[in-house]
Amino acid sequence: MTDSTPAAAPFPLDRPNPFDPSVELGRLRQEEPVSRLAYPDGHVGWLVTSHSLIRAVLADERFSSKAEIKHTPVARASVSDEPRPAPPGFFVANDPPEHTRYRHLLTGQFTVRRMRELTPLIQQCTHTCLEEMAWQGPPTDLVQAFALPLPSLVICELLGVPYEDRAEFQRHSASLARVGASQEETVAAYMALTSFMRELVLAKRARPADDLISGLTGSDLTDEELTNIGFMLLGAGHETTANMIALGTFALLSNPDQIAVMRKEPERAVEELLRYLSVVPFTVRTALEDVELAGRHIKAGESVTVSIAAGNRDPERFADPDTLDLLRSSSSQIAFGHGIHQCLGQQLARIEMQIAYPALFDRFPSLRLDVPPEEVPLRADMLIHGVHRLPVTWDI
């Protein structure tokens with residue numbers, strides 16, 4: 001073991017352009033793939049930047065997802081002043097056996113077969129959004145016209161949420177994802193979304209329908225657990241996919257030679273966009289015991305941030321990783337994480353994007369940016385990377 005411990009530095013948030021992660025992440029991956037990280041709350045932990053080591057951490061049960069022992073690498077307000085255990089149902093912030101119980105109940109709702117059965121619904125939702133966009137005419141903001149409405153409509157249908165309520169949950173979800181939100185704003189958004197979902201759960205118990213929440217009311221989950229599960233699925237089900245659709249369209253418009261590949265091979269193309277963009281830039285685990293990783297001694301209680309963006313640009317795993325190549329095999333990309341906490345809704349997100357991108361460019365073959373690329377506003381103030389707006393136009 002060689003542990004000449006380097007000085008801790010903050011998580012590098014700067015980006016050279018809309019699509020590439022910080023240059024510093026690349027330097028660390030090459031020179032020091034397990035490096036000291038200074039967390040905003042004063043904690044000193046670790047940053048992991050290589051693809052293989054990220055997978056190792058995420059698959060290792062000695063690294064915990066528990067909320068009460070986790071430190072976050074970016075400064076943001078939380079619901080509580082003090083770290084505390086995740087509420088019942090927040091399975092992403094649990095370890096086995098709690099996580100296993102929740103995951104088992106939900107896995108049957110997110111099988112590949114069931115997600116593929118949703119294809120006609122997603123196609124219809126896509127058609128509806130694109131026809132509304134065409135009716136409104138150019139120019140438009142693709143985020144508001146297409147990237148956000150489509151996954152919101154799909155997750156509403158899946159969970160049984162009235163679509164007319166989408167503006168409410170979109171607004172509160174955005175507040176929770178904003179790095180600069182005050183604690184008052186964060187608490188208000190959390191309470192509003194929780195109240196919204198609690199009312200939905202009670203309504204589904206009284207009048208079950210053909211949706212995911214109704215299907216779970218027959219299990220042994222309490223109202224509180226169902227509320228928190230719905231809370232997580234609602235937020236995750238539209239935020240990440242919406243940002244992938246918008247930022248992915250931006251990337252395709254910036255690399256127009258790749259659009260034909262997207263039309264021809266959408267499954268392969270979506271995997272590459274997931275790798276190239278990595279809109280969820282990091283995730284965090286905490287060591288439950290002392291662990292040696294790549295010659296570094298990680299002590300029990302130290303948080304380890306893994307940079308998904310750095311791992312997905314690792315030249316040891318992907319040749320010429322900073323080039324968008326929709327024909328490459330990107331099946332080992334880690335945009336959805338790895339291990340037991342790998343994203344539950346990944347198949348749904350894949351199918352939405354595999355349908356959305358080709359349909360968008362088929363409906364608007366002359367689609368192009370309506371502003372210079374450098375004027376597109378990035379989500380630098382948000383936990384999930386993307387664009388706040390994507391001004392586009394097309395020929396009528």
Side-chain angles (χ1 to χ4, degrees), residues 13 40-41 65-68 70-94 141 143-144 147-156 158-204 212-213 223-244 246 279-284 343-345 349 377-389:
L13 292 170
D41 61 0
S65 290
K66 287 184 177 179
E68 65 268 31
K70 186 185 299 184
H71 300 265
T72 305
V74 296
R76 61 187 299 259
S78 63
V79 174
S80 173
D81 290 324
E82 297 294 331
R84 61 181 183 181
F90 265 78
F91 59 92
V92 296
N94 288 139
D141 170 18
V143 172
Q144 294 300 321
L148 188 54
L150 174 58
S152 294
L153 187 55
V154 172
I155 199 64
C156 283
L158 184 65
L159 297 181
V161 176
Y163 187 57
E164 57 268 23
D165 293 334
R166 67 191 182 281
E168 179 182 354
F169 71 71
Q170 287 170 359
R171 182 175 66 256
H172 297 313
S173 294
S175 293
L176 290 173
R178 187 156 60 86
V179 172
S182 67
Q183 187 173 36
E184 291 76 14
E185 291 171 322
T186 300
V187 170
Y190 174 80
M191 295 301 294
L193 266 180
T194 302
S195 176
F196 172 83
M197 188 54 63
R198 185 183 299 112
E199 291 178 10
L200 181 70
V201 166
L202 294 177
K204 297 299 180 183
L212 189 149
I213 297 296
D223 288 347
E224 183 182 13
E225 288 173 315
L226 271 175
T227 295
N228 291 323
I229 288 172
F231 174 99
M232 285 188 299
L233 295 178
L234 186 62
H238 77 276
E239 271 280 344
T240 51
T241 306
N243 282 286
M244 268 302 303
V279 297
V280 178
F282 62 80
T283 190
V284 184
C343 176
L344 187 66
L378 302 182
R379 286 168 53 103
D381 58 336
M382 308 296 278
L383 288 174
I384 300 172
H385 183 54
V387 295
H388 281 298
R389 296 183 304 280

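- Here the straight-line distance linking atom CG of L200 with atom CG of D165 works out to 8.5 Å at 0.5 Å rounding.
- Note: L234 CG to L212 CG = 11.5 Å, rounded to the nearest 0.5 Å.
- Remark: L226 CG to L233 CG distance equals 10.0 Å, nearest 0.5 Å.
- We find the CG-CD1 distance between L158 and I213 to be 8.5 Å, quoted to the nearest 0.5 Å.
- The two residues A75 and P40 come nearest to each other via the heavy atoms N-CG, 3.4 Å.
- Scored by the ring-ring contact (aromatic ring centres under 6.0 Å, His included) test, F90 finds F231 as partners (sequence neighbours excluded).
- Smallest separation of non-hydrogen atoms from A349 and T241: CB-OG1, 3.8 Å.
- Judged as a ring-ring contact (aromatic ring centres under 6.0 Å, His included), and not counting sequence neighbours, the contacts of H71 are H43.
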Test log, rule side chain to side chain contact (heavy atoms under 4.5 Å, CB included), inputs Q144 and L148: CA-CA 6 Å; Q144 294 300 321; L148 188 54; 4.1 Å; yes
Could you give me the CA-CA distance, side-chain angles and deciding distance for V92 and S65, then say whether side chain to side chain contact (heavy atoms under 4.5 Å, CB included) is met? CA-CA 7 Å; V92 296; S65 290; over 6 Å; no
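- Closest approach of H238 to S173, counting heavy atoms only: CE1-OG, 3.4 Å.
- For A86 against A67, the heavy-atom pair with the smallest separation is N-CB, 4.1 Å.
- Partners of T283 by side chain to side chain donor-acceptor pair (under 3.5 Å), not counting sequence neighbours, listed by chain and number: R285.
- Scanning all heavy atoms of the two residues, the minimum distance from V143 to A246 falls at CG2-CB, 3.9 Å.
- A donor-acceptor pair under 3.5 Å is absent between the side-chain atoms of S195 and the main chain of M191, judged by distance alone.
- The shortest distance between side-chain heavy atoms of T194 and T227 falls below 4.5 Å.
- Evaluation of the salt bridge (charged side-chain N to carboxylate O under 4.0 Å, His left out) test over residues 188-200, restricted to residues two or more places apart or in two chains, returns none.
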Stepwise, does the side chain to side chain contact (heavy atoms under 4.5 Å, CB included) test hold for M244 with T240? CA-CA 6 Å; M244 268 302 303; T240 51; 5.9 Å; no
Assess whether side chain to side chain contact (heavy atoms under 4.5 Å, CB included) is satisfied between H388 and D381, documenting all intermediate values. CA-CA 10 Å; H388 281 298; D381 58 336; 2.8 Å; yes
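- For the atom pair N243 CG and L383 CG, the distance stands at 11.0 Å (nearest 0.5 Å).
- Rounded to the nearest 0.5 Å, atoms CG (L193) and CE (M232) are 12.5 Å apart.
- With sequence neighbours excluded, the residues that form a side chain to side chain donor-acceptor pair (under 3.5 Å) with K204 are D211.
- Without hydrogens or angle criteria, E185 side chain to S182 main chain gives a donor-acceptor distance under 3.5 Å.
- Residues passing the side chain to side chain donor-acceptor pair (under 3.5 Å) test with E68, sequence neighbours excluded: none.
- For the pair L202 and D223, the minimum side-chain heavy-atom distance is below 4.5 Å.
- Across every non-hydrogen atom of N228 and P88, the tightest pair is ND2-O, 2.7 Å.
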